[in-house]
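Accompanying notes for the structure given below.
Below, chain A is the first sequence line, B the second, and so on; all start at residue 1. Just so it is clear, the structure is predicted and the values come from calculations on it, not from any experiment.
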Amino acid sequence: MNYWLFKSEPSDYSFDDLINDKETPWEGIRNYQARNFIRDKVQVNDNILFYHSNIKTPHVVGIAKVSSEAYPDYYAFDKSNKYYDPKSTKENPRWFMIDVQPVKKLNKIVTLEDIKNNTNLKDMVLVNRSRLSIQPVTKQQWEMIINMSS
DNA sequence: GCCAACGTTGGC
DNA sequence: GCCAACGTTGGC
């Protein structure tokens with residue numbers, strides 16, 4: 001069982017959108033490190049912290065879970081899609097997706113500031129390599145953030 | 001809206 | 001294979 005943090009811009013796709021949709025393909029991963037995580041490491045039922053980025057107060061907003069194995073990102077094959085990538089083919093796909101489902105909204109959001117102010121969380125990837133959009137979270141970090149959200 | 005950090009591209 | 005140029009992310 002692994003723990004992850006997935007970032008999304010709420011104007012693009014928010015946690016409430018996920019609750020409404022019940023499930024969504026996590027589309028548009030175009031970064032090799034993030035791709036490697038979802039292709040090689042992410043497993044069905046892994047836990048996800050859903051993070052709202054690129055807003056005034058960035059924060060963890062909810063818990064989600066992985067609901068599919070990785071599969072080729074079909075948007076990369078679609079010329080009319082903004083995620084089209086001519087270098088990704090059906091024979092040799094470059095990009096992958098997984099599906100995610102909502103689990104629950106946190107009672108209270110945990111802001112980036114809260115996380116930065118907690119010395120137990122100083123090693124979080126979010127703090128040190130903030131640009132990575134899919135990042136591993138340790139069990140200890142996961143539990144700490146869940147504690148902070150109640 | 002700015003800009004630092006950093007990932008990717010492509011010429012050489 | 002280096003590295004300059006360029007594009008994107010995301011906090012502030």
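When each of A/Arg30, A/Arg94, A/Arg35 is paired with A/Asp73, the side chain to side chain donor-acceptor pair (under 3.5 Å) condition holds for A/Arg30 and for no other.
Among residues at least two apart or in separate chains, side chain to side chain donor-acceptor pair (under 3.5 Å) pairs with a member in residues 51-60 of chain A are A/Glu9-A/Asn54, A/His52-A/His59.
In this structure, A/Ile63 and A/Trp142 have side chains that are in contact, with non-hydrogen atoms separated by less than 4.5 Å.
The aromatic ring centroids of A/Trp95 and A/Phe77 lie 6.0 Å or more from each other. Taking the six-membered ring where the residue is Trp, the centroids of A/Trp26 and A/Phe50 are separated by under 6.0 Å.
When only modelled atom types and interatomic distance are considered, A/Thr89 and A/Asn92 share no side-chain donor-acceptor pair under 3.5 Å.
A nucleotide of DNA chain B counts as in contact with chain A when one of its atoms lies under 4.0 Å from a heavy atom; the first and last such, 5' to 3', are B/dA5 to B/dT8.
Salt bridge A/Asp16/A/Lys105: present, at least one basic N to carboxylate O contact under 4.0 Å.
Comparing A/Lys87 and A/Asn54 along DNA chain B, the residue whose closest nucleotide (by nearest heavy atom) sits nearer the 5' end is A/Asn54.
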With side-chain contact (heavy atoms from CB on, under 4.5 Å) as the test, would you mind laying out the steps for A/Leu18 and A/Val100 before giving the verdict? CA-CA 8 Å; A/Leu18 180 60; A/Val100 307; 4.0 Å; yes
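At the heavy-atom level, A/Lys56 lies nowhere under 4.0 Å from the strands shown.
Contacts between residues 117-135 of chain A and DNA chain C, defined by a heavy-atom separation below 4.0 Å, involve A/Ser130, A/Arg131, listed by number.
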